Amino acid sequence: MAPSRTLSIIKPDATRRNLTGAINAVLEESGLRIVAQKRLRLTREQAEVFYAVHRARPFFKDLVAFMTSGPVVVQVLEGEDAVERNRAIMGATDPAKAAPETIRARFAESIEANSVHGSDSPENAASEISFFFTPAEIVG
Ligand code: ATP
Ligand code: MG
């Protein structure tokens with residue numbers, strides 16, 4: 001099967017605790033390749049658009065505040081079944097329910113400050129990748 005791609009975000013709780021390299025090591029050890037990466041601070045508008053699917057949820061305002069509270073590292077991961085594989089490595093949204101050894105079980109602080117984002121379908125991966133990266137910025 002051809003390799004596919006997914007969008008990953010190392011969230012502000014993780015960059016604040018200097019965990020970018022530790023999380024990247026877990027991703028790379030799983031066989032995923034980081035084929036694009038940049039550190040930036042999301043604007044409120046960017047965070048609202050990125051998480052627009054959750055606009056009606058009670059946690060939306062807090063989520064936008066959290067995602068804009070510090071730097072994030074946005075990255076494109078490439079590998080076999082990249083979306084599914086990254087979701088498996090991330091673990092459940094709530095770190096208390098995440099399987100042992102997953103990124104969220106190891107590093108997340110709470111259901112909100114859960115260290116990483118990963119696209120949840122190939123379709124969403126494509127739109128999320130183009131939200132942050134031009135084709136020339138992705139070097140496989
Ligand atoms: P992500 O989209 O960030 O990869 P996910 O797909 O596991 O996470 P979603 O249901 O899409 O989870 O929720 C998006 C984000 O919103 C979560 O990662 C978390 O930061 C926050 N969130 C989700 N549920 C809650 C909640 N009940 N309370 C507070 N924050 C939440
Ligand atoms: Mg999600």
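Counting starts at 1 for both ligands and their atoms, following the listed order. What you see is a predicted model, and the numbers here were worked out from it, not measured in a lab. When reading the values below, keep in mind they use all heavy atoms of this one structure, side chains included, and skip hydrogens, waters and symmetry mates. All residue numbers refer to positions in the sequence shown, counting from 1.
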- Message: My understanding is that only one of S115, S110, S69 makes a side-chain hydrogen bond (donor to acceptor under 3.5 Å, both in side chains) with D13; could you say which?
- Response: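 Between D13 and the candidates, side-chain hydrogen bond (donor to acceptor under 3.5 Å, both in side chains) is satisfied uniquely by S115.
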
- Task: Report all protein residues having a heavy-atom distance below 4.0 Å to some atom of ligand 1; order the list by chain, then number.
- Result: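 Residues K11, Y51, H54, F59, L63, R87, M90, T93, R104, I111, E112, N114, H117, G118 each place a heavy atom under 4.0 Å from ligand 1, listed by chain and number.
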
- Can the ring centres of F60 and Y51 be said to be less than 6.0 Å apart? no

- Task: Using the side-chain contact (heavy atoms from CB on, under 4.5 Å) rule, take V139 and V35 through it: C-alpha gap first, then chi angles, then the decisive distance, then the call.
- Result: CA-CA 5 Å; V139 185; V35 295; 5.8 Å; no

- Message: Any non-hydrogen side-chain atom of H117 less than 4.5 Å from a side-chain atom of E128?
- Response: yes

- Item | Side chain to side chain, D120 and R87, heavy atoms closer than 4.5 Å | yes

- Task: Taking the six-membered ring of F133 (Phe, Tyr or Trp), confirm whether the NZ or CZ of K38 is under 6.0 Å from its centre and within 45° of its axis.
- Result: yes

